[in-house]
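Step one of this worksheet: look at the structure below.
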There are 2 protein chains.
Amino acid sequence: MNDDSWQTPIVMLAVDLVILTLRRSRLHILLVERGVRPHRGALALPGGFLRHIDEEIPDAARRELAEETDLDIETVHLEEFRVYGSPGRDPRGRVVSVAFLAIAPRLPEPTAGTDAAAARWQPVDGVLAGDVRLAFDHRRIAADGVERARAKIEYSALATAFCGPTFTITELQEVYEAVWGIQLDPRNFYRKVQKTDGFIIPAGTERKAATGRPARLFRAGPHKTLYPPMVRPVVSAALTGEGT
Amino acid sequence: MNDDSWQTPIVMLAVDLVILTLRRSRLHILLVERGVRPHRGALALPGGFLRHIDEEIPDAARRELAEETDLDIETVHLEEFRVYGSPGRDPRGRVVSVAFLAIAPRLPEPTAGTDAAAARWQPVDGVLAGDVRLAFDHRRIAADGVERARAKIEYSALATAFCGPTFTITELQEVYEAVWGIQLDPRNFYRKVQKTDGFIIPAGTERKAATGRPARLFRAGPHKTLYPPMVRPVVSAALTGEGT
DNA sequence: CTAATAGTGTCTATCAGACACTATCCT
DNA sequence: AGGATAGTGTCTGATAGACACTATTAG
């Protein structure tokens with residue numbers, strides 16, 4: 001840091017949210033319809049500018065989460081994952097955006113009413129494939145956020161953030177299958193996830209499904225880092241190949 | 001992103017660099033002595049404000065690397081890892097800093113002469129333990145950067161960035177030992193690293209040491225992601241415990 | 001009973017870790 | 001030869017993946 005702070009170029013600071021959840025066993029992302037000028041009417045990630053000069057960046061992310069969606073801040077996992085600040089990314093000027101990854105538990109119904117009326121869950125596959133056009137560089141941000149989630153459920157307990165306070169092992173498996181886009185063997189998954197120290201702990205009760213044997217319920221365990229990690233099966237040499 | 005861009009608080013944007021290398025088999029970090037007002041004379045991470053309103057953030061990081069150190073930009077690995085933007089972190093105003101992790105190959109001598117005269121390599125252990133006082137929140141940033149490096153050499157080829165264009169397997173092992181702060185079995189490491197697809201490739205030649213059998217030389221392979229990953233031995237339950 | 005889902009047992013190929021051993025340089 | 005470092009062979013215990021089997025519910 002040098003001393004020329006008075007003639008330093010100044011930028012506008014924003015936060016953007018990649019909010020993921022599972023709906024009908026598929027990974028979905030929350031998008032909002034823009035109501036204002038640049039890209040008005042287009043779909044975009046929830047987000048916005050810093051409100052006050054003293055606002056903490058994570059607070060801004062939580063505030064946008066509360067304002068633009070009807071999600072419960074308490075139950076949503078939120079973490080910063082990258083900064084986007086290329087000069088040309090916003091026509092209003094130099095906007096530097098801190099991107100957050102948010103994981104919401106399964107929700108029975110989409111958002112509605114309130115201020116979050118414009119919010120809609122969209123299947124991630126389609127969004128990343130370009131089925132819907134996103135404002136600014138938001139498709140890139142969404143892709144990076146999804147990739148971060150894919151990588152992070154390997155070695156962290158992030159997958160439990162997709163579930164409610166208690167969940168069955170089958171539900172947890174559905175998270176891995178949806179995020180990774182693959183099938184896993186239920187028997188092996190069952191033991192693997194139980195053997196991973198501190199990942200999940202029994203919640204005592206059981207849950208009856210429409211049919212079949214009732215499943216035991218679990219809670220997220222104390223450990224945030226998984227050892228041993230969940231290993232993503234190798235599809236081919238492609239996965240191990242050139243990436244960041 | 002909402003429309004109130006004209007009354008959005010504006011911030012100064014900076015970059016800070018956590019530059020790591022190996023010196024005498026120990027992990028070192030490059031620190032500079034501040035020559036200007038806030039924390040003048042104190043040690044700090046290399047870094048500085050954005051120079052032009054159109055400057056790309058990674059370009060600013062590369063520019064500071066060139067200006068404040070005598071390292072060769074071409075050989076230094078550089079990647080963003082986190083943003084620090086708390087309101088109180090800089091007395092000059094709201095400064096949001098994008099932190100970069102830089103990995104430099106082994107260097108025979110420290111920096112000297114030129115503009116980078118104030119730059120000094122310091123052992124990471126001492127810096128993180130608080131032996132030297134760092135300006136601003138730079139000790140926290142340094143700790144986060146080191147932790148990122150520790151985690152990333154597990155599943156990425158980042159460790160090769162600590163080595164020159166060609167290196168021996170023993171040199172690569174020293175990287176893992178220094179960054180993780182543990183000892184590894186040379187025999188098992190030798191085969192493990194060779195079996196990991198695309199991690200290192202033979203360079204044909206050999207290198208004679210002062211004593212002992214000459215070692216084969218290798219180059220970094222094409223894969224940036226390691227499969228299977230290098231596994232960090234479990235020290236106890238502590239490693240698997242509550243972290244981010 | 002059948003259908004359906006939850007959970008257990010067990011075999012096999014692979015791999016991490018321990019460590020004896022061989023190879024190739026220097027003096 | 002002796003010292004030192006590079007590189008190989010091999011055993012053992014643990015684990016991922018495949019998959020047969022048992023358990024518990026609803027109807």
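Note on naming: letters A, B, ... go to the chains in the order of the sequence lines (proteins, then strands), and numbering restarts at 1 for each one. The basis for the numbers below is simple: all heavy atoms, side chains too, and nothing from hydrogens, waters or symmetry mates.
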If the threshold is 4.0 Å, N to carboxylate O, is there a salt bridge linking [X] and [Y]?
{"X": "B/R106", "Y": "B/E174", "value": "yes"}
{"X": "A/R140", "Y": "A/D137", "value": "no"}
{"X": "A/E171", "Y": "A/R207", "value": "yes"}

Checklist entry - Contact class for B/T170 (heavy atom, under 4.0 Å): base, sugar-phosphate, or nothing? => result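 Sugar-phosphate: the residue B/T170, judged by heavy atoms under 4.0 Å, touches backbone atoms but no base.
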Without decimals, in angstroms, what is the distance between [X] [atom1] and [N] [atom2]?
{"X": "A/Y176", "N": "D/dA16", "atom1": "OH", "atom2": "C1'", "result": "15 Å"}
{"X": "B/L217", "N": "D/dT5", "atom1": "CG", "atom2": "P", "result": "17 Å"}
{"X": "B/F189", "N": "C/dC15", "atom1": "CZ", "atom2": "C1'", "result": "16 Å"}
{"X": "B/R216", "N": "C/dA23", "atom1": "CZ", "atom2": "C1'", "result": "10 Å"}
{"X": "A/R207", "N": "D/dA26", "atom1": "CZ", "atom2": "C1'", "result": "18 Å"}
{"X": "A/I169", "N": "C/dG7", "atom1": "CD1", "atom2": "C1'", "result": "9 Å"}
{"X": "A/L226", "N": "D/dT15", "atom1": "CG", "atom2": "C1'", "result": "16 Å"}
{"X": "A/E206", "N": "D/dT24", "atom1": "CD", "atom2": "P", "result": "10 Å"}

Proximity to the side chain of [X] - top-ranked nucleotide from [options]:
{"X": "A/Y190", "options": "C/dA6, C/dA16, C/dG7", "value": "C/dG7"}
{"X": "B/V231", "options": "C/dG17, D/dT8, C/dG7", "value": "C/dG17"}
{"X": "A/R187", "options": "D/dA16, D/dC19, C/dA16", "value": "D/dC19"}
{"X": "A/A215", "options": "C/dG7, D/dA18, C/dA20", "value": "C/dG7"}
{"X": "B/T211", "options": "C/dT24, C/dA20, D/dA4", "value": "D/dA4"}
{"X": "A/R213", "options": "C/dA6, D/dA20, C/dA23", "value": "C/dA6"}

Item to check | N/O donor-acceptor pair, side chain B/D185 with base C/dA16, under 3.5 angstrom | outcome: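 Per atom types, no contact qualifies.
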Item to check | Any N/O donor-acceptor pair, A/R191 side-chain to C/dT10 base, under 3.5 Å | outcome: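 Yes, the side chain and the base share a sub-3.5 Å donor-acceptor pair.
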Item to check | Residue closer to the 5' end of DNA chain D, B/G212 versus B/F218 (nearest nucleotide) | outcome: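 So the residue in question is B/G212.
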Item to check | Which residue lies more 5' along DNA chain D, comparing A/P214 with A/N188 via nearest heavy atoms | outcome: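 The residue closer to the strand's 5' end, by nearest nucleotide, is A/N188.
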Checklist entry - Within the structure, does a side-chain N or O atom of A/K192 lie under 4.0 Å from either OP1 or OP2 of D/dA16? => result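 Checking A/K192 against D/dA16: at least one side-chain N or O falls below 4.0 Å of OP1 or OP2.
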Checklist entry - When you look at CZ of B/R63, are more than 12 heavy atoms from neighbouring residues, nucleotides or ligands closer to it than 6.0 Å? => result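 More than 12 heavy atoms, drawn from other residues, nucleotides or ligands, come within 6.0 Å of this atom.
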Checklist entry - Aromatic rings B/H138 and B/F136: how do their planes relate, parallel, tilted or perpendicular, breaks at 30° and 60°? => result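 Because their plane-to-plane angle lies in the 30° to 60° range, the rings of B/H138 and B/F136 count as tilted.
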